[in-house]
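Order of the sequence lines sets the chain letters (A, B, ...), proteins ahead of strands, with each chain counted from 1.
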2 protein chains.
Amino acid sequence: MKSNITIKDVAKKAGVSISTVSRVINDSKPVTDEVKQKVLDVIKETGYIPNPLARSLVTKKSQLIGVIVPEVSDSFVNEILNGVEEIAKMYDYEILLANTYSDKEQELKSINLLRAKQVEGIVMISWIVEEEHVEYMQKCGIPASYISKTARDYDIYTVSTSNVDATYDMTKYLLDKGHEKIAFVMTSQDDTILERERLAGYEKALTERNISLDENLIKHGTTTYEGGYNSMKEMLDQGVVPHAAFVTGDEAAIGAINAICDSGYRVPEDISVAGFNDVKIAKMYRPKLTTVHQPLYDMGAVAIRMVIKMINKEILEDKKIELPYRIEERESVIERR
Amino acid sequence: MKSNITIKDVAKKAGVSISTVSRVINDSKPVTDEVKQKVLDVIKETGYIPNPLARSLVTKKSQLIGVIVPEVSDSFVNEILNGVEEIAKMYDYEILLANTYSDKEQELKSINLLRAKQVEGIVMISWIVEEEHVEYMQKCGIPASYISKTARDYDIYTVSTSNVDATYDMTKYLLDKGHEKIAFVMTSQDDTILERERLAGYEKALTERNISLDENLIKHGTTTYEGGYNSMKEMLDQGVVPHAAFVTGDEAAIGAINAICDSGYRVPEDISVAGFNDVKIAKMYRPKLTTVHQPLYDMGAVAIRMVIKMINKEILEDKKIELPYRIEERESVIERR
DNA sequence: CTGAAAGCGCTAACAA
DNA sequence: TTGTTAGCGCTTTCAG
């Protein structure tokens with residue numbers, strides 16, 4: 001049973017040459033039915049499994065696709081990963097995961113690690129796209145697609161949803177519900193492009209209503225629950241009490257809700273809260289979170305399909321795919337009386 | 001830059017033989033400092049990366065460890081995975097993940113897939129341990145460790161926490177808080193051993209207080225949020241209103257809480273709820289979930305350390321490692337007045 | 001339709 | 001200390 005059985009053993013036992021065995025396992029060339037059956041029997045009998053290492057070494061195909069993520073346990077990432085994985089399996093690719101913890105150095109290391117492992121393509125999920133890394137990957141000529149909220153500026157294959165529009169729409173929605181003092185808690189770890197874009201959407205909506213930007217209502221946090229909690233807590237402790245809070249990440253939004261409750265306010269009665277992404281927990285928490293729904297699973301699926309197509313040298317219609325988002329009205333935002 | 005550079009190219013460019021190059025990249029044999037430097041320079045210059053496929057083919061070491069899980073997105077699994085991953089990286093192993101969706105067939109397929117991919121060992125996370133699969137793995141002689149709540153019965157390497165004791169303790173805790181009608185919602189997809197064990201713990205605690213088992217208070221659900229929601233909803237709809245509910249999984253417990261709230265009761269004022277595992281969301285939800293804390297990260301770390309040791313033929317003191325659990329008192333359980 | 005042989009990129013004896 | 005050489009298990013010409 002120990003997998004020491006090689007193609008040679010099978011060939012000997014079946015009384016044929018190794019090339020014949022190779023032909024039947026790949027059915028790459030015609031083989032007499034009789035011989036074929038014989039070989040198949042021996043394979044079953046011995047429990048032979050072809051060694052993919054040896055195979056890859058000669059074919060240069062590893063059937064491996066690398067996926068680089070900022071943090072596996074982040075639910076946003078997680079749900080995208082589901083899509084990536086399922087499609088990969090469908091096409092008989094294996095996923096090699098690399099976690100960067102949003103560290104630029106680590107990201108570069110991961111690229112090299114994956115390259116070393118002979119991945120045929122890479123799906124990159126990243127909060128911020130590093131120009132340097134983009135160039136590096138292009139120079140390596142490795143098929144890649146990006147899932148990122150800031151990738152549109154580069155000449156690379158990306159799947160995304162529109163940030164500015166979504167932020168604008170949600171802010172507008174909040175405004176329409178009668179909220180004027182809207183806290184804006186960003187969750188984008190010191191990235192300038194992303195924050196700038198989002199801020200632009202937020203600002204645009206306010207400006208349309210002739211509401212001026214209040215710096216005290218803006219916080220730069222992180223994507224985590226703790227990030228949202230701390231940002232909100234800080235604001236409240238400074239005596240700034242908004243009508244509503246728009247937090248650009250669901251876990252952080254829930255952190256914010258808890259901070260609000262811990263400070264003695266109620267959600268949504270006193271302060272409405274809106275999130276971003278629509279991850280699983282958004283429906284589990286009470287009050288259910290009103291949020292910007294993103295088709296996470298699909299984003300993953302589309303991204304990996306792109307790289308598989310690139311691997312197969314198929315033609316891709318679009319370099320940039322933008323998937324639709326929508327505002328998912330639930331319970332955490334109510335009309336302000 | 002394209003990684004077509006082989007050891008040969010480096011050798012030629014450095015004016016040495018390929019074995020010398022091999023020696024410096026592995027520093028397996030002494031090489032003159034001068035020559036070494038020369039080779040190192042060429043490597044840097046060309047951006048050469050050794051092909052691990054070729055290397056593995058000859059050394060028979062893939063630096064790959066397979067991890068089989070019932071469901072990546074389950075937070076219990078997820079948090080264990082963090083531990084597994086981190087330790088793997090520490091020892092320079094790469095993780096190959098296989099998702100079985102708790103399907104027996106798929107699990108067998110995964111074992112073979114991983115075997116085919118030449119993994120050096122396997123960490124198996126599974127709700128139920130299949131005897132058949134255990135035997136198969138043993139026959140293959142592949143180093144493996146199991147994280148499972150029902151693995152103790154087999155002669156295999158396992159890491160776990162004590163189910164019966166934990167269930168007993170939590171039930172007792174609930175009893176001590178003055179709850180007598182305690183709903184018991186299991187989350188173990190039709191597994192008999194696990195359910196039997198847990199039920200035993202639950203029953204033992206009740207018996208000690210001379211409380212007889214009420215079948216109406218017992219539900220067999222699934223690990224998911226929905227599973228917990230539906231089980232609880234069903235019970236309530238049948239007119240059975242317990243003093244407390246003990247749900248053997250946190251996500252399901254939160255589902256149960258929501259079902260309770262949706263039926264017009266309050267948690268914990270009307271009905272207390274306790275969970276199991278202590279995953280991230282247990283602290284995020286409000287009321288914060290009182291639950292059985294399990295050292296998830298450590299379980300993963302210990303499990304993979306076991307297989308790494310087995311790979312290195314080191315001696316393992318224990319075949320069965322049982323990690324401590326504890327009852328984490330938070331807000332979802334209160335004293336019954 | 002089948003076999004012999006070359007070679008994928010690397011490591012590990014074995015000589016020198 | 002270094003180079004030569006024989007494979008690792010497989011696919012793929014190239015002859016037959």
Given E317(B) and K309(B), is the salt bridge (Lys or Arg N to Asp or Glu O under 4.0 Å) satisfied, shown in steps? CA-CA 11 Å; E317(B) 322 73 46; K309(B) 280 190 180 173; 3.8 Å; yes
When you look at E94(A) and K89(A), which way does the salt bridge (Lys or Arg N to Asp or Glu O under 4.0 Å) test go after all the steps? CA-CA 7 Å; E94(A) 211 62 26; K89(A) 185 177 294 173; over 6 Å; no
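Among the heavy atoms of the strands, none lies under 4.0 Å from L53(B). S22(A) comes within 4.0 angstrom of a base, heavy atoms only. Within the 4.0 angstrom heavy-atom criterion, no nucleotide atom of any strand lies near P52(A). Here S19(B) lies in heavy-atom contact (under 4.0 Å) with a base. At a threshold of 4.0 angstrom between heavy atoms, the contacts of K8(A) are confined to the sugar-phosphate backbone, with no base atom among them. Using a 4.0 Å heavy-atom cutoff across all strands shown, T6(A) reaches sugar-phosphate atoms only and no base atom.
Distance CG/D74(B) to CG/L81(B): 10.5 Å, rounded to 0.5 Å.
In the set dT12(D), dT13(D), dT1(D), dT1(D) carries the atom at the smallest distance from any side-chain atom of T32(B). Proximity note for L57(B) (side chain, C-beta onward) versus dC8(D), dC10(C), dT11(D): the nearest is dC8(D). Checking dT2(D), dC10(D), dT11(C) against the side-chain heavy atoms of V35(B) singles out dT2(D) as nearest.
One can place CG of N26(B) at 10 Å from P of dC10(C), the figure rounded to the nearest angstrom. Distance K29(B) NZ to dC10(C) C1': 15 Å, rounded to the nearest Å. If you measure from atom CZ of R23(B) to atom P of dT2(D), you get 8 Å, rounded to the nearest angstrom. Between I49(B) atom CD1 and dC10(C) atom C1' there is a gap of 15 Å when expressed in whole angstrom units. Atom CD1 in I18(A) sits about 15 Å away from atom C1' in dC14(D), given to the nearest Å. Here the P atom of nucleotide dC1(C) and the CD atom of Q37(A) are 16 Å apart, to the nearest Å. Between the CD1 atom of I7(B) and the P atom of dG3(D) there is a distance of 12 Å, rounded to whole Å. Atom-to-atom, CD of Q118(B) to C1' of dC10(D) comes out at 12 Å; the value is rounded to the nearest Å.
Partners of E45(B) under the salt bridge (Lys or Arg N to Asp or Glu O under 4.0 Å) rule, at least two apart in sequence or in another chain, are K13(B).
Within the 3.5 Å criterion, the main-chain N or O of S22(B) finds no donor-acceptor partner in the side chain of K29(B). In terms of modelled atom types and a separation under 3.5 Å, the side chain of S110(B) and the main chain of Q106(B) share a donor-acceptor contact.
For the pair T20(B) and dG3(D), the criterion of a side-chain N or O lying under 4.0 Å from OP1 or OP2 is met. For K60(A) and dT11(D), the shortest distance from a side-chain N or O to OP1 or OP2 is not below 4.0 Å.
Taking the charged nitrogens against the carboxylate oxygens, E120(A) and R115(A) have no contact shorter than 4.0 Å, which rules out a salt bridge.
Remark on DNA chain D: of its neighbouring residues S17(B) and Y48(A), the 5'-side contact belongs to S17(B), judged by nearest-heavy-atom nucleotide. Judged by closest nucleotide on DNA chain D, V31(B) is the one of V31(B) and I25(A) placed further toward the 5' end.
When only modelled atom types and interatomic distance are considered, E86(B) and Y297(B) share a side-chain donor-acceptor pair under 3.5 Å.
Across its full length, the helix from dC1(C)-dG16(D) to dA16(C)-dT1(D) shows an angle of 40° between the axes of its 5 terminal pairs at either end, rounded to 10 degrees.
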